[in-house]
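When a ligand or atom number is given, it counts from 1 through the structure's own listing order. Numbers here are sequence positions counted from 1.
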Amino acid sequence: MKKIKTAIIGAAGYTGGELLRLLVHHPACELIYVHSNSQKGKKVTKVHPDLIGETELVFTDEVQTEGIEALFLGLPHGQTKGFLEKHAFPKDTVIIDLSTDFRDESNGFTYGLPEVNKDKIKQAKKIANPGCFATGIQLALAPAVAAGWTKDSIHITGITGSTGAGKALSETTHFSYRTNNISVYKLFNHQHLKEIGQTFRQIESDFQQELLFVPYRGNFTRGIWITAYFPFEGTLDEATNSYRSFYQEAPFTWVSEADIDLKQVVNTNKCLLHLKKEKGNLIIYAAIDNLLKGASGQAVQNFNLAFGLEERLGLNLKSIAF
Ligand SMILES: NC(=O)c1ccc[n+]([C@@H]2O[C@H](COP(=O)([O-])OP(=O)(O)OC[C@H]3O[C@@H](n4cnc5c(N)ncnc54)[C@H](OP(=O)(O)O)[C@@H]3O)[C@@H](O)[C@H]2O)c1
């Protein structure tokens, strides 16, 4: 199989590390360099010791632009724009950015949610990978928005693992704060609501409903659980059939008849959905791994689509389950 010459920027971080774990084994990828300012000159296995025996790569702080066919960027929000202004990559380099910088589809970027934008992603050279909460919420609600069922405000809660906040230590990712604890942040005001609204208006141009989102910090390391509900007059069968039909071409997003739990998706690129009808509401549970379907796994899925590869290539992962 032809190998695509690839580079990762921000490779010492959490999403960068996940990209490395996926791409060192991807049959269509050759990692030309992995970038880190803080870890330059160090072996990748010094920073990501779990990769022992899997790679001999060394971090560099130099940025080679020529000859790179695919570029992944795992930089903090607000850093990617400046990076790409400073380093001009050839026009045909496929750029996949994991930050929020281009999720408004500015500068020619395509929003990389394959369940909604697959055909556009297949043609795209610049892809803005969705946020982690945004991925879970959009997959929980997109079929309902498309069917015109969301006429009132939509109630959403979401809980995320500590890796969602990145590698750098902060007050609320410190073990002493996070363990045996739970807390709300950015009540009704999370930054991902913007990209979610953008997608829902793309699906249904009149979409203006309030998304009342309560985000929680969870006391676990990885995974996102979403619960969303709104008044619904139809039957559960009708909703389930409609969701299955919406996701029939989606190889990672599944509607489960049985109840779901977070461990079924941790360490996979899957989104599992489960629907219930209670007291006149349709309730949707969605579970993803924030670092995979919510970040690096979805980025590799977008890489596969942009290069005309099989969508699941390098992403047939095993859940932790227990
Ligand atoms: N974590 C998640 O679950 C998740 C999910 C979806 C999207 N995202 C997005 O993906 C991007 C990367 O997230 P992450 O969790 O991988 O972050 P991270 O663990 O903090 O890693 C970011 C990396 O960027 C580099 N960097 C460059 N300039 C920096 C600066 N001014 N401050 C701090 N780091 C800087 C750092 O590497 P060097 O200093 O070594 O160069 C660092 O290792 C973010 O935009 C994030 O919002 C994250």
### Query
When you measure from atom 41 (O) of ligand 1 to every protein heavy atom, which one gives the shortest distance, and what is it?
N37 N, 2.8 Å
### Task
Go through ligand 1 atom by atom and flag the ones less than 4.0 Å from a non-hydrogen atom of S99.
45 (O)
### Task
Give the single entry among S296, G13, A299, A165 that approaches atom 43 (O) of ligand 1 most closely by any heavy atom.
G13
### Query
If you count the atoms of ligand 1 from 1 in the order shown, which ones are under 4.0 Å from a heavy atom of A295?
5 (C), 6 (C)
### Query
What residue and heavy atom of the protein are closest to atom 1 (N) of ligand 1, and at what distance?
T163 O, 2.9 Å
### Task
Tell me which protein heavy atom sits closest to atom 9 (C) of ligand 1, plus the residue, atom name and distance to 0.1 Å.
L98 O, 3.3 Å
### Query
Any side-chain donor-acceptor pair under 3.5 Å between Y243 and E238?
no
### salt bridge (charged side-chain N to carboxylate O under 4.0 Å, His left out) between K81 and D101, worked out
CA-CA 7 Å; K81 261 190 187 149; D101 287 17; over 6 Å; no
### Query
Is the gap between the ring centers of F133 and F213 under 6.0 Å?
yes
#### Entry: Residue C132 vicinity, atoms of ligand 1 by number, heavy atom under 4.0 Å
5 (C), 6 (C)
### atom 13 (O) of ligand 1 - nearest protein heavy atom and its distance
T15 OG1, 3.8 Å
### Task
Report the nearest protein non-hydrogen atom to atom 22 (C) of ligand 1: residue, atom name, distance rounded to 0.1 Å.
G74 O, 3.4 Å
### Query
Regarding K186 and Q191, is there a side-chain donor-to-acceptor distance under 3.5 Å anywhere?
yes
### Summary
min-distance protein heavy atom vs atom 46 (C) of ligand 1 -> H77 CE1, 4.0 Å
### Task
Indicate, as side chain, backbone, both or neither, the part of Q79 found under 4.0 angstrom from ligand 1 when only non-hydrogen atoms are considered.
side chain
### Message
Go through it in stages, so that I can follow the logic: the residues are T135 and Q298, the test is side chain to side chain contact (heavy atoms under 4.5 Å, CB included), and I'd like the CA-CA distance, side-chain angles, deciding distance and then a yes or no.
### Response
CA-CA 9 Å; T135 297; Q298 186 147 256; 3.1 Å; yes
### Summary
Checking heavy atoms under 4.0 Å, the part of T80 that sits near ligand 1 is neither
### Query
Are W225 and Y285 an aromatic pair by the rule of ring centers under 6.0 Å?
yes
#### Entry: Contacting atoms of ligand 1, where contact means under 4.0 angstrom from a heavy atom of L291
1 (N), 2 (C), 3 (O)
### Task
Would you name the heavy atoms of L139 and T253 that are closest together and state the gap between them?
CD1-OG1, 3.9 Å
### Message
Using a 3.5 Å distance criterion without hydrogens, assess whether the side chain of S242 forms a donor-acceptor pair with backbone atoms of A239.
### Response
no
### Query
Are side-chain heavy atoms of L51 and R21 found at a separation under 4.5 Å?
yes
#### Entry: Among E311, Q301, R312, the one residue meeting side-chain contact (heavy atoms from CB on, under 4.5 Å) with N269
Q301
### Contacting atoms of ligand 1, where contact means under 4.0 angstrom from a heavy atom of K167
18 (P), 19 (O), 20 (O)
### Verify atom 11 (C) of ligand 1: protein non-hydrogen atom under 4.0 angstrom away
yes
#### Entry: Of the listed options D101, L75, N290, closest to atom 3 (O) of ligand 1 (non-hydrogen atoms)
N290
### Task
Using a cut-off of 6.0 Å, state whether more than 12 heavy atoms not belonging to K279 lie near its atom NZ.
no
### Query
Of the choices G131, G166, S38, P130, which has the non-hydrogen atom that lies closest to atom 40 (O) of ligand 1?
S38
### Query
Taking the six-membered ring where the residue is Trp, are the ring centres of H26 and F303 under 6.0 Å apart?
yes
### Task
Counting heavy atoms only, name the option from P76, G10, G78 that's nearest to atom 26 (N) of ligand 1.
P76
### Message
As an exercise, identify every atom of ligand 1 less than 4.0 angstrom from a heavy atom of G294.
### Response
5 (C), 6 (C)
